[in-house]
Structures are given as C-alpha cells and as structure tokens.
Amino acid sequence: MKEKNTITEISDEQVDESLLAHVTAEFCRANGIFLMRTEDGELLGAVSSDEGILPLQELAASMDLSYKAIYASSGVILSAINRFYSEAETAGAQSLVDELKTEDLQSLATEWQKPRDLMELADEGPIIKLLNSILLEAVKERASDIHVEPYEKTLEIRFRVDGILRNVLSPPKVVQDSLVSRIKIMAALDIAEKRLAQDGRIRILIGGRDIDLRVSVIPTSFGERAVLRLLDRRHGILGFDQLGMNIYDISKMESVLQQPNGILLVTGPTGSGKSTTLYAALNHLNSEERNIITIEDPVEFQLPGIGQIQVAPKIGLTFSSGLRSILRQDPDVIMVGEIRDGETAEIAIHASMTGHLVLSTLHTNSAAGAVTRLLDMGIEPFLAASSISAILAQRLVRVLCPDCKVEIDPPLELLRFFADANLPEKLFKSEGCERCKGIGYIGRAGLYEFLMVTPDIRRHILSNSDVQTIEHEAVTQGMITMFEDGMKKVTSGITTFEEILRVTQAKNAGISL
C-alpha cells in the first residue's frame, strides 16, 4: 500500500469533477471512498478505512492508473459525496420548471380540469422531482422557510434566508395543485380537505443532513398556500456566546439561571430567535440533579435528559392544562413555550413562587413592555413584581459576509445622527460575492437588552409605571438597549447600521449607506 496520508476536509480545488462519472454516489457511500483527482499517473482517492482500499484499487485499474489512498473520516467523505454528487446528479428546480414549460401546457391545463385521483396526481414523476429539487436548493441556500404562494395567474416559490424573503422560482400555474398535494402527502395531511387549514410535519434526509419540516397549509382565494419551516437537526443547541450575546449579558443570564426560583422571560416578535435562546438556557441548566420539563408548540429540538411535551389543543392539552400537569411531576425547571393568556401567566407565576424556575416567552417589542403585557393579561402588579427575575428582549440582524466585507468611510449624515456614538474612522459593508449570492450577508446574530428586575424596578412595577419609566430606570441602572448593543456590533464589523435600523425600527433620519 502507498504512503498513508490523512486529510480533515475535501475542498473544491482538490476534486476533478469529471471523475464522478466513473462511479456512482451509492457505490462511494457503500465502500466509504471518494475519488478526488488524478496526479502523475495515480488515482487519488479518499478512504475512511482499509476496507476502501480494494474498491479504490479496482477503480484505478479500470482507468489504467495506479492508486494513492488518502485517509479521511467517514463524515468528511460523506460530506464530499453529498456535496459533489448532489450538484452533478440533481437537476435544479429552474431547469425542471423549464422542462415543464416545454410541454403543451394548454393540454395539460385542460387535463387538470378532469376528475383525477389526488394520489395519482401527486405521485407524478416531475412533481416529485420538482419538490425534491426545491427542498435541496432551500437547504443549500440555508433557507429557514419555503413559501408556496398561489395567485390568480401565477405560482411563486419564495425562500426566507437570514430573515429576508426573496423569489426563487415561478413554476407553471398548472402544477400548483399537484405540488401542494405532494407536500400534504409527505406531511401525512388530508389531501382531499381543501377548505380548512392543516398543520403537519415531515422528517427527511437531504444530502446526508437530518431535516425537520414543519408544514402549514391554508386555503386562499386562488388555491392552497403552503409554508414549510426547515429545522436542521445537525446544528444542535448553541451556547450564549454563539448567539451573539455580549459577556455582560451572559454573566447576567447565568446568574438568573442559578436562582432556584423565579421567572425568566424572553421577548420579541415571531422569528427573533426566542426559542433558540430558551434552548441555550435549558442546555446550560441540564444536569442529572435537575428535573426539567417543557411544554412547547411545537417541540423543535429533542433535548436528551429533558421531558418535552407537545401541546395538542384538539384534545385539550394546552399550555395552561399542560402546565398544571407538569407541576405534579416534581420539576425543578419548567419551560413554557409561550405565555399566550392570563391563565397560563397566572399558573407560571404561582409555579415560580412555589420554588420553581420558569422560562417562557412573550410577544412584546421591548423588555420593559413585557411587564405591561402581563398586567394587561390581568396579572396583579404585586404578583408580577415578586415573581419576575429578569426579562431578555431580542432581535436578529444579518451578519456581513466575511469574503466581500470592505471598509467604508462613515457618511456625513451618519456622523451627524450618531454624534455622541464615538464612531470609528472606518465602518464595514459587503459588496456581494458568490459565497453570499450577491446579498452581502451570511448568517445572523442577536441583538439583546437584558432587564434585571432590581428592587427599584419592582417598585415601578408595583406602582404600575408605564413602559418608558421602567425602561429609563433600567438604563439608569446599566441596561444596554438593543440599539446600543447593535451599535457595538456595527463598530465591531459584524453588521451594518442599515440592519440595526431595520430591526429596531429606529428613525434613520434619511441616512443612506
């Protein structure tokens, strides 16, 4: 056998894609090998173990070459197989749509009007290929959601990437019913029911990645509309520092989580990363000494060692009823996915006052706004003041692409608007490149404001003070607002002022970057 080498990754530059035609992806997966390139009369191939040597030797002999084995982990090889073969073997969604356009769409549309078996309709080959290709492209582009949107004369497919929706595909209108029916079949929904909204779930493997899809289908004037939320189980649970939380807020968060009782509320609009933050908190708390139980809608990630309950309103399992049951399970920590009504809020507060640490979320625009939201639900001020330990408000901003990030001079309008912000001489902006597909951003980070409920804050809650008064008191005591946290991330080159202004809804005074 040749000299033993080991690699930890297989990059594009190391691979001659013409070799993919000599062996199938299935053969490579079965034998733990990947053909990389030819060099000086040798076929270079990655193998995960000695068992891959013989197949590599036979492939080299079939090409009249000697061979050289390079060792890599099975994960590295599988990743390379999925990446290169998916690009070579899977037709893009747009090319499949182009094939559909070449058909006689008028006759196809006429045929659609005839009564047909929905199962037969949804199992047509092109439709399956089209949906599979859409799913594959969504995963490649790191989309969090896929929108299938019917209109009077068109059908639009949109992806939400880093919080922003964009059009990616416009299939022929005639494939609308079969595409949605295929989605419903995969999600185990009733494909014959087109008048009511339905929710379901799909679990699939895409390129070796375990993906959960949450499916929502609703009826509209022009047909059924579907939204698929993608959850990559490979990403797992992040730590507080990976979420973009500054060291001071991390310290506050950890001190609150060390308390034996009280309520930690995480607030923000839909899609602001509240659940991700709660999972990070649960992961921090998780140990064999603690009994942790959650009630969620839905359960997004399975956490080993933690009891997780999925709400089911149709059978009476709501947040409030589930929370009552949890209290009979001798829990130390309780996570309630969302406080939606006064009943759930009251049970959570009483749970915190009887020796439980409670984590939950609220939909409010600021940390101080969570207090008035609870009072609006009918919670007495003395109960809110005595039970709430801290409130974390958050938003998500897009992170500048590192490959095309460039320095810029701050515009004069910006310097005037932020006269007291101590801006550096240089800021950053991304120009757009192949890696970020011309958008300029890759990934997201959080903006946070952490309100600790101190004795002074409790007095304001007891006196039913307004949001502005509570927030002013918190800032006086050292709270960093979301906008200020965003400013720090701008000056660090993480994101841009445009992003901060977009998510915090601050007045930009005509600033143009």
Side-chain angles (χ1 to χ4, degrees), residues 245 248-249 251-257 259-270 272-275 277-278 281 319-320 323 333-395 446-486 503-506:
M245 199 176 291
Y248 305 106
D249 287 343
S251 177
K252 293 177 183 177
M253 174 70 85
E254 291 177 344
S255 69
V256 170
L257 295 177
Q259 298 177 12
N261 60 280
I263 296 179
L264 170 65
L265 292 174
V266 181
T267 77
T270 300
S272 59
K274 299 186 298 297
S275 296
T277 300
L278 284 184
F319 280 118
S320 57
L323 187 50
V333 180
I334 301 169
M335 193 271 269
V336 183
E338 182 184 349
I339 293 178
R340 296 177 178 173
D341 52 53
E343 184 182 10
T344 305
E346 188 173 348
I347 299 170
I349 286 173
H350 283 295
S352 71
M353 296 176 69
T354 53
H356 304 89
L357 180 62
V358 180
L359 316 180
S360 191
T361 70
L362 271 178
H363 286 278
T364 63
N365 291 325
S366 65
V371 175
T372 57
R373 179 80 179 95
L374 288 175
L375 299 184
D376 289 342
M377 288 181 178
I379 300 302
E380 294 292 339
F382 76 91
L383 289 175
S386 60
S387 61
I388 301 173
S389 300
I391 305 167
L392 177 70
Q394 65 180 75
R395 300 287 189 280
L447 302 184
Y448 301 94
E449 61 181 29
F450 201 101
L451 190 157
M452 294 290 291
V453 180
T454 62
D456 288 332
I457 296 293
R458 285 195 172 91
R459 281 193 289 272
H460 282 293
I461 298 174
L462 285 169
S463 60
N464 210 358
S465 298
D466 59 24
V467 172
Q468 290 74 23
T469 302
I470 295 173
E471 186 169 299
H472 181 267
E473 180 65 41
V475 171
T476 301
Q477 296 185 16
M479 183 183 80
I480 299 173
T481 66
M482 273 190 289
F483 187 76
E484 291 170 336
D485 189 35
V503 303
T504 61
Q505 300 177 348

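Computation of the quantities below employed the complete heavy-atom set of this structure, encompassing side-chain atoms and omitting hydrogens, waters and symmetry-equivalent molecules. Bear in mind that the values here come from a model prediction, so they are computed numbers and not experimental data.
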- line: Here the pair of heavy atoms bringing Ile391 nearest to Ala370 is CG2-CB, 3.8 Å
task: Quick one: which residue pairs count as a side chain to side chain donor-acceptor pair (under 3.5 Å) with a foot in residues 383-392, not counting sequence neighbours?
output: Gln259-Ser389
field: Short side-chain to backbone donor-acceptor contact, Thr476 and His472, under 3.5 Å
entry: yes
- request: Report the C-alpha distance between Leu257 and Val333 in whole Å, list the side-chain angles of each, state the deciding distance to 0.1 Å, and finish with yes or no for side-chain contact (heavy atoms from CB on, under 4.5 Å).
  value: CA-CA 10 Å; Leu257 295 177; Val333 180; over 6 Å; no
statement: Separation between CG (Asn261) and CD1 (Ile334), nearest 0.5 Å, reads 11.5 Å
- request: Taking all heavy atoms of Leu264 and all of Met253, pick out the closest pair and write down the distance.
  value: CD2-SD, 3.5 Å
task: Measure the spacing between CD1 of Ile461 and CD1 of Ile379 and express it to the nearest 0.5 Å.
output: 12.5 Å
- line: For Glu473, the salt bridge (Lys or Arg N to Asp or Glu O under 4.0 Å) test, sequence neighbours excluded, returns none
Side chains of residues 350-358: which donor-acceptor pairs under 3.5 Å do they make with residues two or more places apart or in other chains?
| residue | atom | partner | partner atom | Å |
| --- | --- | --- | --- | --- |
| Ser352 | OG | Ile349 | O | 2.6 |
| Thr354 | OG1 | His350 | O | 3.0 |
| Thr354 | OG1 | Ala351 | O | 3.0 |
| Thr354 | OG1 | His356 | ND1 | 3.3 |
| His356 | ND1 | Ala351 | O | 2.8 |

- prompt: So, do Thr277 and Tyr448 sit near enough that their side-chain heavy atoms are less than 4.5 Å apart?
  reply: yes
query: What are the two closest non-hydrogen atoms of Phe450 and Met479, and how far apart are they?
result: O-CG, 3.3 Å
task: Test side-chain contact (heavy atoms from CB on, under 4.5 Å) on Val336 and Leu323 and set out the steps.
output: CA-CA 8 Å; Val336 183; Leu323 187 50; 3.9 Å; yes
Nearest heavy-atom neighbours spanning Ser366 and Val467: OG-CG1, 4.0 Å
Worked check of side-chain contact (heavy atoms from CB on, under 4.5 Å) between Arg395 and Asn365: CA-CA 9 Å; Arg395 300 287 189 280; Asn365 291 325; 3.9 Å; yes
message: Contact between Thr361 and Leu278 at the side-chain level, heavy atoms closer than 4.5 Å - yes or no?
response: yes
query: Taking Glu449 for the side chain and Met482 for the main chain, is one N or O donor matched with an acceptor at less than 3.5 Å?
result: yes
message: For the backbone of Ala385 and the side chain of Arg458, can you confirm whether one donor and one acceptor N or O come within less than 3.5 Å of each other?
response: yes
- line: Across all chains, not counting sequence neighbours, the salt bridge (Lys or Arg N to Asp or Glu O under 4.0 Å) partners of Glu346 are none
field: Partners meeting salt bridge (Lys or Arg N to Asp or Glu O under 4.0 Å) with Arg373 (sequence neighbours left out)
entry: none
message: Looking at Ala345, is its backbone amide N or carbonyl O close enough to the side chain of Arg340 to form a donor-acceptor pair, meaning the two atoms are under 3.5 Å apart?
response: no
- prompt: Going from CG on Leu447 to CE on Met245, what distance comes out if it is rounded to the nearest 0.5 angstrom?
  reply: 11.5 Å
message: I need the Gln468 CD to Thr372 OG1 distance, nearest 0.5 Å.
response: 9.0 Å
message: Using a 3.5 Å distance criterion without hydrogens, assess whether the side chain of Gln394 forms a donor-acceptor pair with backbone atoms of Ser272.
response: yes
task: Report yes or no: does Ser360 contribute a side-chain atom to a donor-acceptor pair with the main-chain N or O of Leu265 at less than 3.5 Å?
output: no
query: Who are the side-chain contact (heavy atoms from CB on, under 4.5 Å) partners of Leu375, not counting sequence neighbours?
result: Val371, Pro381, Ala384, Asn464
message: Please find the pair of heavy atoms, one from Leu451 and one from Ala367, that lie closest to each other, and give the distance.
response: CB-CB, 3.8 Å
query: Do the side chain of Lys274 and the main chain of Leu362 share a donor and acceptor less than 3.5 angstrom apart?
result: no
- line: Taken to the nearest 0.5 Å, the spacing of Leu392 CG from Leu359 CG works out to 11.5 Å
query: Minimum heavy-atom separation for Met452 to Ile457, with atom names?
result: O-CG1, 3.8 Å
task: Would you sort out whether Ile388 and Leu374 count as a side-chain contact (heavy atoms from CB on, under 4.5 Å), showing the intermediate values?
output: CA-CA 11 Å; Ile388 301 173; Leu374 288 175; 3.5 Å; yes
